[in-house]
Amino acid sequence: MSENNEILSVGQAAKYLGITVHTLQDWDRKNKFKAHRNPVNNRRFYYKSELDGLLGKTEAHNPKRKIIAYARVSSAGQKDDLKDQMDYLRQFINARGVIADEYIGEIGSGLNYKRPKLLKLIKEVDQNKIACIYVTYQDRFIRFGFDFFKKFCEWHDCKIIVLNHQDTSPDKELVNDLISIIHVFSCRLYGLRRYKNKIKNDLNLKR
């Protein structure tokens with residue numbers, strides 16, 4: 001049995017609550033705060049976890065996990081698009097009676113896995129501080145590898161809710177990201193060709 005669920009006698013419970021034994025017994029008689037009874041001797045006893053609940057300490061043992069709304073654009077010139085994402089998230093969330101604890105807006109490529117706010121968010125997921133993340137479209141969170149991050153969040157009992165609002169996933173951004181990918185792989189292929197030619201022309205290797 002954990003320390004928080006330890007059993008306390010009526011005297012121990014009264015001391016823990018900072019009240020008299022008589023007051024605690026009176027609460028039991030008036031059904032204000034019922035005691036448990038030992039089936040052998042019929043004496044009162046209490047679980048510490050229930051006393052913590054009475055004292056409002058439950059929140060300390062199970063802190064509230066945050067609800068996050070996350071939005072992203074690739075460049076500073078898209079600040080209006082970022083605002084549109086935020087407005088849509090706020091409208092959607094509020095319409096369902098949900099109150100987000102934090103609205104996060106970030107500027108950075110969807111191919112960049114080192115975005116500061118994204119890394120901070122993932123770290124908080126890993127620390128079990130996040131209950132839910134709302135995004136307008138999955139590539140607002142990350143361009144590739146979304147399924148992995150979704151599974152990572154599930155391992156930590158956190159949900160990513162994608163609203164699938166396609167207007168927040170501009171084609172221009174996708175084209176720019178694809179161009180970036182082609183550029184990266186073109187550079188790698190060029191490097192491999194240079195390396196291949198260097199090996200081919202290496203006299204030591206020919207010997």
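Computed over heavy atoms, backbone and side chain alike; hydrogens, waters and symmetry mates excluded. Please read these numbers as outputs of a predicted model, since none were measured by experiment.
For the atom pair Leu24 CG and Arg29 CZ, the distance stands at 10.0 Å (nearest 0.5 Å). A distance of 11.5 Å separates OG1 in Thr136 from CG in Asp87, rounded to the nearest 0.5 Å. From Ser9, atom OG reaches atom CG of Asn38 across 11.5 Å, with rounding to the nearest 0.5 Å. Here the straight-line distance linking atom CD1 of Ile104 with atom NZ of Lys117 works out to 7.5 Å at 0.5 Å rounding. With values rounded to the nearest 0.5 angstrom, Asp81 atom CG is found 8.0 Å from Arg140 atom CZ. The CG atom of Leu121 lies 5.5 Å from the CD1 atom of Ile130; values are rounded to the nearest 0.5 Å.
The shortest non-hydrogen separation linking Val10 to Val21 is CG2-CG1, 4.0 Å. Heavy-atom minimum distance, Ile93 versus Ala69: CD1-CB, 3.9 Å. Closest heavy-atom contact between Gly110 and Ser74: N-OG, 4.4 Å.
In terms of the ring-ring contact (aromatic ring centres under 6.0 Å, His included) criterion, Tyr103 has no residue partners (sequence neighbours excluded). With sequence neighbours left out, Arg43 forms a salt bridge (charged side-chain N to carboxylate O under 4.0 Å, His left out) with no residue at all. For Lys32, there are no salt bridge (charged side-chain N to carboxylate O under 4.0 Å, His left out) partners, not counting sequence neighbours. Taking His36 as the reference, Phe45, Tyr47 meet the ring-ring contact (aromatic ring centres under 6.0 Å, His included) condition, with sequence neighbours excluded. Considering only residues two or more places apart in sequence or on other chains, Gln127 meets the side chain to side chain contact (heavy atoms under 4.5 Å, CB included) condition with Lys123, Glu124, Lys129.
Residues Glu154 and Lys159 fail the side-chain proximity criterion, which asks for heavy atoms closer than 4.5 Å. Residues Lys79 and Val73 form no side-chain contact, since every pair of their non-hydrogen atoms from C-beta on lies 4.5 Å or further apart. At a threshold of 4.5 Å between non-hydrogen side-chain atoms, the residues Cys158 and Ile133 count as touching. Contact of the Cys132 side chain with the Arg65 side chain is not registered, since no non-hydrogen atoms from C-beta on lie closer than 4.5 Å. Considering only heavy atoms from C-beta on, Leu163 comes within 4.5 Å of Leu89 through its side chain. Side chains of Ile107 and Arg72 form no contact here, defined as non-hydrogen atoms less than 4.5 Å apart. Using a 4.5 Å cut-off on side-chain heavy atoms (C-beta onward), Asp84 and Tyr88 make no contact.
Ring pair Phe33/Tyr46: centre-to-centre distance below 6.0 Å.
Surrounding CG of Asn42 are more than 12 heavy atoms belonging to other residues, nucleotides or ligands, all under 6.0 Å away.
Residues Tyr113 and Leu119 fall into different hydrophobic clusters, defined by Ile, Leu, Val, Met, Phe, Trp and Tyr side chains chained together at heavy-atom separations under 4.5 Å. Val135 and Phe148 fall within the same hydrophobic cluster, where Ile, Leu, Val, Met, Phe, Trp and Tyr residues are linked whenever their side-chain heavy atoms come under 4.5 Å apart, directly or through other members. Both Phe144 and Phe152 belong to a single network of hydrophobic side chains, linked directly or stepwise wherever heavy atoms of I, L, V, M, F, W or Y lie under 4.5 Å apart.
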Q: For Lys30 and Asp26, run salt bridge (Lys or Arg N to Asp or Glu O under 4.0 Å): C-alpha distance rounded to whole Å, both residues' side-chain angles, the deciding distance at 0.1 Å, then the answer.
A: CA-CA 6 Å; Lys30 293 180 179 179; Asp26 192 50; 3.3 Å; yes
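Side chain of Asp28 to backbone of Lys34: no donor-acceptor contact under 3.5 angstrom is found. Put simply, the side chain of Glu106 gets close to the backbone of Leu118: a donor and an acceptor are under 3.5 Å apart.
Salt-bridge annotation for Asp147 and Lys151: absent, with no side-chain N of the basic residue lying under 4.0 Å from a carboxylate O of the acidic one.
Between Phe141 and Phe146, the two ring planes are perpendicular [angle over 60°; tilted spans 30° to 60°].
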Identify all side-chain donor-acceptor contacts of residues 95-102 below 3.5 Å with residues at least two apart in sequence or on another chain.
from   : atom 1 : to    : atom 2 : distance (Å)
Arg96  : NH1    : Phe92 : O      : 3.1
Asp101 : OD1    : Lys64 : NZ     : 3.1
Asp101 : OD2    : Lys64 : NZ     : 3.0
Asp101 : OD2    : Ile67 : N      : 2.7
Glu102 : OE1    : Lys66 : NZ     : 3.4

